[in-house]
Amino acid sequence: MADHIPVLTNQVLKFLDPQPGNVIVDCTLGAGGHSQMILEKLAGKGNLYGIEVDERNLLLAQEKLKTHKNVHFIRDNFENLETLGRRILQKEGRIDGILFDLGLSSMHVDEGTRGFSFQSEGPLDMRFDTRQTVTAADIINTYSLEDLLSIFRIYGEERNSYKIATRIVEHRKRKRFTTTSQLANFIADSIATRKGFYFKRHPATRIFQALRIATNREVSVVHAGLEGAIKVLSRGGKIVVISYHSLEDRIVKNIFKRCKQEEVLKILTKKPLEPDEKEMEENRRSRSAKLRAAKKIISK
């Protein structure tokens with residue numbers, strides 16, 4: 001399994017600006033890449049709280065950060081950030097910075113048994129939290145045509161949504177979809193118009209993205225997490241969000257814009273920051289990354 005490389009690290013540290021004695025919450029701990037750099041800036045003073053819903057990622061982060069005494073691990077979904085944040089506030093008295101690194105980690109893609117990638121054979125799972133019951137297979141095999149259309153169009157922005165969804169519904173009457181390669185190959189065959197048809201990218205890319213978002217309720221989770229973060233962030237505290245597709249970025253942009261109008265936040269990034277060419281060459285995952293940052297200006 002390849003090491004996970006954190007993205008936009010310089011920008012994260014610039015806008016989050018962690019200082020010794022600060023209390024920072026990393027809502028998407030992952031393997032601990034961003035948190036490790038933040039902890040170095042804290043220099044053993046203050047505390048970092050790392051939230052991670054994926055048990056495997058949490059274990060990786062605990063191993064990576066085991067030398068730090070001022071890091072606290074929480075296995076939970078960041079949609080519960082308001083509740084979690086209020087507990088932290090009761091203990092610490094303030095929260096100086098909150099970080100979100102949304103979307104899929106390289107560890108998820110590399111581990112075929114999790115079912116996130118069409119490039120690796122595995123079950124149609126796609127759950128970040130293996131404690132939840134609904135999998136991608138459940139969605140593909142049981143959701144109505146209308147629901148599949150909505151998922152593919154909204155979450156995947158897939159122009160062939162109708163053709164793919166209708167053919168999936170017809171096929172599953174005869175045989176259930178159970179593996180990543182089975183679904184990926186079916187999608188490719190469904191929209192190929194001639195033998196040797198050339199795709200700029202794999203035709204299942206957007207459908208797999210849409211399924212992952214639906215399986216993990218990512219839209220509602222991001223909404224709840226951001227709203228909770230803004231509520232528990234202390235006055236003068238910073239919030240930094242990295243997103244990887246237009247749907248996520250739009251949510252962040254709109255919430256920040258509303259909170260600016262309400263005079264709750266000051267937006268620190270006039271437009272989303274993106275990685276430079278060097279970072280994109282070194283880390284392919286960073287290519288679609290966009291970073292937005294804001295500062296809490298009132299206590300509310």
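Quantities reported herein were computed from a predicted structural model and do not represent experimental measurements.
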When you measure from the side chain of [X] to the backbone of [Y], do you find a donor-acceptor pair of N or O atoms at a distance under 3.5 Å?
| X | Y | answer |
| --- | --- | --- |
| E52 | D54 | yes |
| T180 | L124 | no |
| R167 | S190 | yes |
| T215 | L211 | yes |
| N216 | F128 | yes |
| N80 | T83 | no |
| R292 | V240 | no |
| H202 | A204 | yes |
| D147 | Y143 | no |
| T28 | L102 | no |

Charged N to carboxylate O below 4.0 Å: is that the case for [X] and [Y]?
| X | Y | value |
| --- | --- | --- |
| K278 | E282 | yes |
| E92 | R87 | no |
| K66 | E63 | yes |
| R127 | D125 | yes |
| R217 | E79 | yes |
| R250 | E157 | yes |
| K260 | E263 | no |

What distance separates [X] [atom1] from [Y] [atom2], expressed to the nearest 0.5 Å?
| X | Y | atom1 | atom2 | result |
| --- | --- | --- | --- | --- |
| I251 | S243 | CD1 | OG | 9.0 Å |
| F208 | I213 | CZ | CD1 | 13.5 Å |
| E121 | Q182 | CD | CD | 9.0 Å |
| L8 | L291 | CG | CG | 5.5 Å |
| I151 | I154 | CD1 | CD1 | 9.0 Å |

Looking just at side-chain N and O atoms, do [X] and [Y] make a donor-acceptor pair shorter than 3.5 Å?
| X | Y | value |
| --- | --- | --- |
| H72 | N47 | yes |
| D138 | T135 | yes |
| E218 | Y155 | no |
| D17 | Q19 | yes |

Next item on the list: Apply side chain to side chain donor-acceptor pair (under 3.5 Å) to D96 and list each qualifying residue two or more places apart in sequence or on a separate chain.
Entry: R94
Note to self: Using the rule side chain to side chain contact (heavy atoms under 4.5 Å, CB included), only one of L233, V23, I95 pairs with L89; which is it?
What the structure shows: I95
Check: Using 30° and 60° as the class limits, which term best fits the ring planes of F177 and H171: parallel, tilted or perpendicular?
Finding: tilted
Note to self: Using the rule given for side-chain contact (heavy atoms from CB on, under 4.5 Å), can you reason through F15 versus L273, listing the C-alpha separation, both sets of side-chain angles and the distance that settles it, and then say yes or no?
What the structure shows: CA-CA 11 Å; F15 287 101; L273 304 182; 3.3 Å; yes
Can you name the closest pair of heavy atoms from [X] and [Y] and give their distance?
| X | Y | result |
| --- | --- | --- |
| C27 | F78 | O-CD2, 3.5 Å |
| V7 | V12 | O-CG2, 4.2 Å |
| E279 | D276 | N-OD1, 2.8 Å |
| D101 | H34 | OD2-CE1, 3.3 Å |
| P18 | I38 | CB-CG2, 4.0 Å |
| M280 | S286 | CA-OG, 3.5 Å |

Checklist line | Within one Ile-Leu-Val-Met-Phe-Trp-Tyr cluster: V219 and V134, side-chain cutoff 4.5 Å | finding: yes
Margin query: If hydrophobic clusters are built from ILVMFWY residues whose side chains come within less than 4.5 Å, do F73 and L59 share one?
Written below: no
Note to self: The test is side-chain contact (heavy atoms from CB on, under 4.5 Å); show your working for H245 and Q209 and say whether it passes.
What the structure shows: CA-CA 10 Å; H245 58 77; Q209 172 185 292; 4.1 Å; yes
Margin query: Go through it in stages, so that I can follow the logic: the residues are R287 and E281, the test is side-chain contact (heavy atoms from CB on, under 4.5 Å), and I'd like the CA-CA distance, side-chain angles, deciding distance and then a yes or no.
Written below: CA-CA 8 Å; R287 289 179 300 175; E281 289 176 1; over 6 Å; no
Next item on the list: Given salt bridge (Lys or Arg N to Asp or Glu O under 4.0 Å), test R86 with E82 step by step and report yes or no.
Entry: CA-CA 6 Å; R86 295 200 185 284; E82 183 175 357; 3.2 Å; yes
Next item on the list: Check step by step if side-chain contact (heavy atoms from CB on, under 4.5 Å) holds for V241 and F256.
Entry: CA-CA 11 Å; V241 186; F256 278 13; 4.1 Å; yes
